[in-house]
Amino acid sequence: MIIPTKIYFRVWLALLLLLVLTWGLAQVDMGRFNPIAALTIAVLKMLLVILFFMHVRYNKPITWIFVAAGFVWLAIMIDLTLSDYLTRNAVPPTLHHTWQHGAWPAPSKEGP
Amino acid sequence: MITAVPQTDIPRPSLAPRRLSNYFEEGGRTLASWLLTTDHKRIGLLYLYSIIVYFIIAAFAAALIRIELITPAGDLVTSETYNKLFTIHGTLMVWFFLIPSVPAVLGNFVLPLMLGARDVAFPKLNLLSWYLFNLGGLMALYAVAFGGADTGWTFYTPYSSTYSHSHVVTMAAGVFIAGFGSILTGLNFIITIHKMRAPGLTWFRLPLFVWSLYSTSVILVLATPVLAMTLALMSLERIWGLGVFDPKLGGDPVLFQHLFWFYSHPAVYIMILPGMGVVSELIPCFSRKPIFGYHFIAFSSVAIAVLGFLVWGHHMFVSSESIYAGLVFSLLSYLVAVPSAIKVFNWTMTMYRGRIYLSTPFLYALGFIGLFTIGGLTGLFLAALGVDVHVHGTYFIIAHFHYIMVGGMVTAFMGGLHYWWPKITGRLYPENLGRLAALIMFIGFNLTFFPQFVVGYLGMPRRYHSYAPEFQIYNVLSTAGASILGIGYLLPLIYFIWSLKHGRRAPSNPWKATGLEWQTSSPPPKHNFHETPVVTEEPYQYSPVPEQRLIYG
Ligand SMILES: [Cu+2]
């Protein structure tokens, strides 16, 4: 399938526009919305590249499945890694009891 | 080449004059015709030559390690040299021998033949993979020649990224580049299996080796980019002080372990799934029975590939991983035992009441089942949170993963190499020497690694060049075993080379095996089949054959 050049050109312009937007928003301090804004723009750019430059938009469902698999695997990597980081300070009740009674020294709250 | 054909007592399948069209003759015999080839069979052989070179260097490092460990004192090499030796051994064996061994050598050679195809889907990409692989390999060898790295094959931060004074970046760059070769091979295989199957070759008529290669390829494609990214981040931190892993720069060293093992645990399955695929071919052929539980074996490969991505945290039970994450990873690790056991039980059931031929490939397959089972079950010890605290970082780990990688994968690789040797070269190897080598390898292997289970359980830590005197007996046994194992590897190397000139000529199907690769001549013509085969029956339609009809060298 041949895609007209003007589509590539428009997508490229859109990417440049989003780049300018990223830079522009970086000049404004939006507090906790800083990463949200930056990541939203990044996702938009990524979608444009995947759908148009990588031709996924014009491809068969099997290609969509393979692309989706890539994202599922990325989600697995992030989720299970976070399962560690987000529960670092959570202590099971029995262990907590042991620490309170001085059998083991409790780990410091400061972290390594 | 050879005009006089040795007289054999086996009648030829056909009286037609021997056709000289095979992939050695067609396309030329010049060096350029090999280095620029796009023929999957020649590329498979190019991989074979390369991995033998890397294997010999890595085995030499292992030999020095074992000699050092004969005595408790660190007397042969300094601790710095020792660190470099086990880094060389691990890095070269994992990335430049084990990962390409079955997929890139045997897979490249037989996959298109098994599918009834003329080649892989992207022959030029296939050649590019080989060049990337060797570019990476040469880079790693360059690092070795100019001082080596001392991080171990795992490149743990912050040691690798901050403190080590060795060639970490060059070594990592070698692995990084070779990784792209892996990704391209994986992609090539996936697309070949989807697109190049012969008419009538439906998914459930595929040989189980193809299912295992498919699962392996999925891992190669999905996991290897994460390794590349992780090594790149580590190198960038080392060169420019990018703060990703070093706590002093606001990074987190355990993050490296998460990312590294997200690749490297699935990579363990890159190093075992193709071996399981080989064994699934050998068992029915030499038991003369259809495989038991075809669908179960096929889907257990896929299940292992998927589950393999969910268990990496079992490498960090004692690296400050949270208790809850440890529980989850421990449970998921246990689940991997299910598809692995399904395979072992199905292979055993295939042999039950079969007509068993104790040929060399079958001996290797038997060895695989036993050694893989020991390796797999000791993996369950390590997946248990409590036991792992005790044996973490000891020789118990070393023994466990060598049972999987050497006892499992290398054994399967040897089995597959013997099985397809007549197809690859058109020659038979000497059968009795083959059986002897298989036996020597089995004995040598167990003598090398079984004492390491014991000494590890007793508390001997890995990665030290000196140790407490009470551990000496186990280490002496282990070194003795390694010498026997060395003979077990040397012997096939010698008789394989011998057989190239002096081996008996192989007919197209010496084992009376099913599978399309046996329907073409040995060695096959450049484009594999003179006419595209059509598949009309289920796989593994074996029935007992009288002894004299199997052809041995
Ligand atoms: Cu693991």
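In what follows, chains carry the letters A, B, and so on, assigned in the order in which the sequence lines appear, proteins first and then strands, with residues in each chain numbered from 1.
The side-chain heavy atoms of A:F66 and B:V218, taken from C-beta on, include no pair separated by under 4.5 Å. Here the side chains of B:S322 and A:Y85 are not in contact, with every heavy-atom distance at 4.5 Å or above.
Taking all atoms of both residues into account, the shortest heavy-atom contact from A:I62 to B:H194 is CD1-CE1, 3.9 Å. Closest non-hydrogen pair, B:L222 versus A:G70, comes out as CD2-CA, 4.1 Å.
Enclosure of atom CH2 in B:W203 by more than 12 non-hydrogen atoms of other residues, nucleotides or ligands within 6.0 angstrom is indicated. Other residues, nucleotides and ligands contribute at most 12 non-hydrogen atoms within 6.0 Å of the CZ atom of A:F33. The number of heavy-atom neighbours closer than 6.0 Å to CZ of B:R205, taken from other residues, nucleotides and ligands shown, is above 12. In A:M30, the CE atom is crowded: over 12 heavy atoms of neighbouring residues, nucleotides or ligands sit closer than 6.0 Å.
Here the straight-line distance linking atom CH2 of B:W312 with atom CE of A:M77 works out to 7.5 Å at 0.5 Å rounding.
Contact annotation for A:L86: neither backbone nor side-chain heavy atoms come within less than 4.5 Å of a heavy atom of chain B. The parts of B:L310 that come within reach of chain A are both its backbone and its side chain, each placing non-hydrogen atoms under 4.5 angstrom from that chain.
For residues 62-79 of chain A, no pair satisfies side-chain hydrogen bond (donor to acceptor under 3.5 Å, both in side chains), with sequence neighbours left out.
Looking at A:R88, its side chain never comes within 3.5 Å of a backbone N or O of B:I323 through a donor-acceptor pair.
Along residues 251-268 of chain B, the residues that come nearer than 4.5 angstrom to chain A, judged on non-hydrogen atoms, are B:D252, B:V254, B:L255, B:H258, B:L259, B:F262 in order of number.
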